[in-house]
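Order of the sequence lines fixes the chain letters, A, B, ..., with proteins taken first and strands second; residue numbering starts at 1 for each chain. Since this is a predicted model, take the numbers as computed values, not measurements.
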There are 2 protein chains.
Amino acid sequence: MTVTLADVAARAQVSPATVSRVLNGNYPVAASTRERVLKAVDELDYVLNGPASALAAATSDLVGILVNDIADPFFGIMAGAVQSEIGGPGGRAGGERLAVVCNTGGSPERELTYLTLLQRQRAAAVVLTGGAMEDAGHQAAVAAKLRKLTEAGTRVVLCGRPPAPGTGAIALTFDNRGGGRELTEHLIGLGHRRLGYIAGPEERTTTRHRLEGHRAALAAHGIEEDARWTVHGPYDRQSGYEATLELLRRDPSLTAVVAANDTVALGACAALRDSGLRIPRDVSVAGFDDLPFSIDAVPALTTVRLPLAEAGARAGRIAMGRQEAPIGGIATVRGELMVRGSSGAPRA
Amino acid sequence: MTVTLADVAARAQVSPATVSRVLNGNYPVAASTRERVLKAVDELDYVLNGPASALAAATSDLVGILVNDIADPFFGIMAGAVQSEIGGPGGRAGGERLAVVCNTGGSPERELTYLTLLQRQRAAAVVLTGGAMEDAGHQAAVAAKLRKLTEAGTRVVLCGRPPAPGTGAIALTFDNRGGGRELTEHLIGLGHRRLGYIAGPEERTTTRHRLEGHRAALAAHGIEEDARWTVHGPYDRQSGYEATLELLRRDPSLTAVVAANDTVALGACAALRDSGLRIPRDVSVAGFDDLPFSIDAVPALTTVRLPLAEAGARAGRIAMGRQEAPIGGIATVRGELMVRGSSGAPRA
DNA sequence: TGCGATACAGCAAGCGCTTTCTATGCGCTA
DNA sequence: TAGCGCATAGAAAGCGCTTGCTGTATCGCA
């Protein structure tokens, strides 16, 4: 039925061992023999049985990439960058690896299940992207899983995610707090004093850090925050739209709206427009991430650029052992404030 | 070192066979025994060895999803939908499957390599999304691969991709031609007679079909197309920007620009704005796909909505054998014209 | 009480590959 | 010419799991 190594061996008149060695190329095989084997492989259209070789060799060429939402370019960009460095087909590394991206949908259970699945497959490496849940129980469970993975020899890299001490995982963390602070300081510098904030989902590290940065900026400038100025919601456009209407309802005198990310900011812009407000004349808007579409918003979005592709690529290289891990296993990746048309001085 | 089935068996005082059966749950096991086994599994923190069981059972729970560009929401949305139906962790199906998305980057070689890798892993199913390359050699190679996969029992579904006759693959095809035609007819109906077209990369089915639809509309209305009115380029924003400038250079009298997709259209809008032209007063713009951000363009983009999520979900269900394949193995998914602010009557 | 049917549990034979160890042939050197 | 080492090929023992087949109690029923 299916062609096996033994069939190839028989056809090439050599032992299965030799065929295996030709295919893996890590043992001397005479050129003439090799050629004969390759010819047989070709004629028989032989395809190696992955599970069998993984079992025998006790290793696999699977690399897992966990993302919260695959439909969100934030993750897509990182995942693509990781993958390009993993050395999957066409990647710059030699060995062919199956880089697989797993969509957790932001669900803790799925995240854990995917990690188990990856562990089960004896993945060569795992990259976790994006913010983590702050639920203590879940964090402990993930940490335990990660420790087990690293102990089993799987390289684990966190990309855009806070460190997980004691797990052996390498962390490339985004400086969400610093970025958030810089962004809000920019607005304050422009003269804003009443700023609405549309935060991401609660219990997420990203949400909290960005919000903390925002508040730190307010505090640093002696602006007392009004509890009505903050609204939480998911990381999507609709949330931004609704949250903005809500903010306006709570305090129509706001002169700026800071969103948890660009997608949310887009929703905010739409809500403002629909409310008859002009950006930035009436209300300034700011996002976070600098996704590709942000520059095309009208006016273009003021935001914090996160080097998603660079960070992903670095994470990929580290996962493949082609680049050294940062000292201490932790590196902080900073964002860059991008001032564009959506922010301006408030009306006097 | 690592815990194996045998260890669990020893601890639970049963045979390995019994443990296996408890874990796979497809054979009667006394409740008391099951409990003992589960307890041992838990205590030992046992994780099944994926490759080993795949080898022994000659099946795997891997499902591959091929996409051209994972950073593009067009693919992200489809991939996410497929995945949610695959029954990966948290999906609505019971069995835990590892749904993996593979990023081909639009490269034929990578596509082929990923298919081989998936074949090697004895994937349970494969979903290919997005347009195909039109290179005859490559198409034949892919077709051969697909045939081999289906013959080996892997279910293959094409989502948003033309059928591959004789391969046993199920196809859910987007009606790119019809959508393209409808879109251009809308513009013609508005009074446009000189329409620029920014096509996607050559040698792609999607590119060709959309362009054909556009031309069919022109022909149907007796508009003779000027060769200068079409420019090809990749599916990205920058391409749209540059192509638009080029079109304007070639024929400043164009009153509408039709883009191969929304991302390209965004670039076109930016180019028009930067050229001091107003949308739609001076030039109308239209996209394709109706990605989430399109409604946030200013003015909102007139485009053709493709039910990406629905199609992906359906593809996923078919791949899992939870929904019947369309008769003949081919179904056409139609788009819906979304008329928005970016298109209007040309100035008299 | 006796007999077939039933419900579990175990044995053991692989699944297709990798890899260690061993065998063989050959070219050289002394 | 005998002896040694190197280059290469093969034999065979698993890797950890699944599953067909073979027991062996236990149960129902007459």
What's the [atom1]-[atom2] distance between [X] and [N], to the nearest Å?
X	N	atom1	atom2	answer
B/Leu48	D/dC15	CG	C1'	14 Å
B/Arg34	C/dA9	CZ	P	9 Å
A/Arg122	D/dG16	CZ	C1'	9 Å
A/Leu55	D/dG16	CG	P	7 Å
B/Gln13	C/dA9	CD	P	14 Å
A/Arg120	D/dT18	CZ	P	10 Å
B/Leu23	D/dG16	CG	P	16 Å
B/Asn49	C/dC15	CG	P	18 Å

Requested in this report: Indicate, with a heavy-atom threshold strictly under 4.0 Å, whether B/Ala57 touches base, sugar-phosphate, or nothing.
Outcome: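 The residue B/Ala57 makes sugar-phosphate contact but no base contact.
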Query raised in the report: NA contact type, B/Ala30, heavy-atom cut-off 4.0 Å: base, sugar-phosphate, or nothing?
Result: sugar-phosphate
Any side-chain N or O of [X] below 4.0 angstrom from OP1/OP2 of [N]?
X	N	answer
A/Thr33	D/dA9	yes
A/Ser15	D/dA11	no
A/Ser53	C/dG16	no
A/Thr18	D/dA9	no

Query raised in the report: If we ignore angles and hydrogens, is there a donor and acceptor under 3.5 Å between the side chains of B/Lys148 and B/Gln119?
Result: no
**Report entry** Pair A/Ser15-A/Thr18, side-chain donor/acceptor within less than 3.5 Å
**Finding:** yes
Report summary line: Between A/Ser20 and B/Arg36, the residue closer to the 5' end of DNA chain C by nearest nucleotide is B/Arg36
Query raised in the report: Nearest nucleotide by nearest heavy atom, which residue falls closer to the 5' end of DNA chain C, B/Arg21 or B/Ala56?
Result: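 Result: B/Arg21.
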Requested in this report: Indicate yes or no: does A/Arg317 engage A/Glu310 in a salt bridge with an N to O separation below 4.0 Å.
Outcome: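 Here A/Arg317 does not pair with A/Glu310 in a salt bridge, since their nearest N and O are not under 4.0 Å apart.
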Query raised in the report: Does B/Arg204 come within less than 4.0 Å of B/Glu134, counting only side-chain N to carboxylate O?
Result: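 The answer is no: the pair does not qualify as a salt bridge.
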Query raised in the report: If you check the B/Ala17 side chain, which of C/dG16, C/dG10, D/dG16 turns out closest?
Result: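 For B/Ala17, the side-chain atoms sit closest to C/dG10.
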Report summary line: Comparing B/Val47 with B/Tyr27, nearest DNA chain D nucleotide closer to 5' gives the residue B/Val47
Query raised in the report: Considering only heavy atoms from C-beta outward, does the side chain of A/Met320 approach that of A/Arg97 to under 4.5 Å?
Result: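 Contact flag for A/Met320/A/Arg97 side chains = yes.
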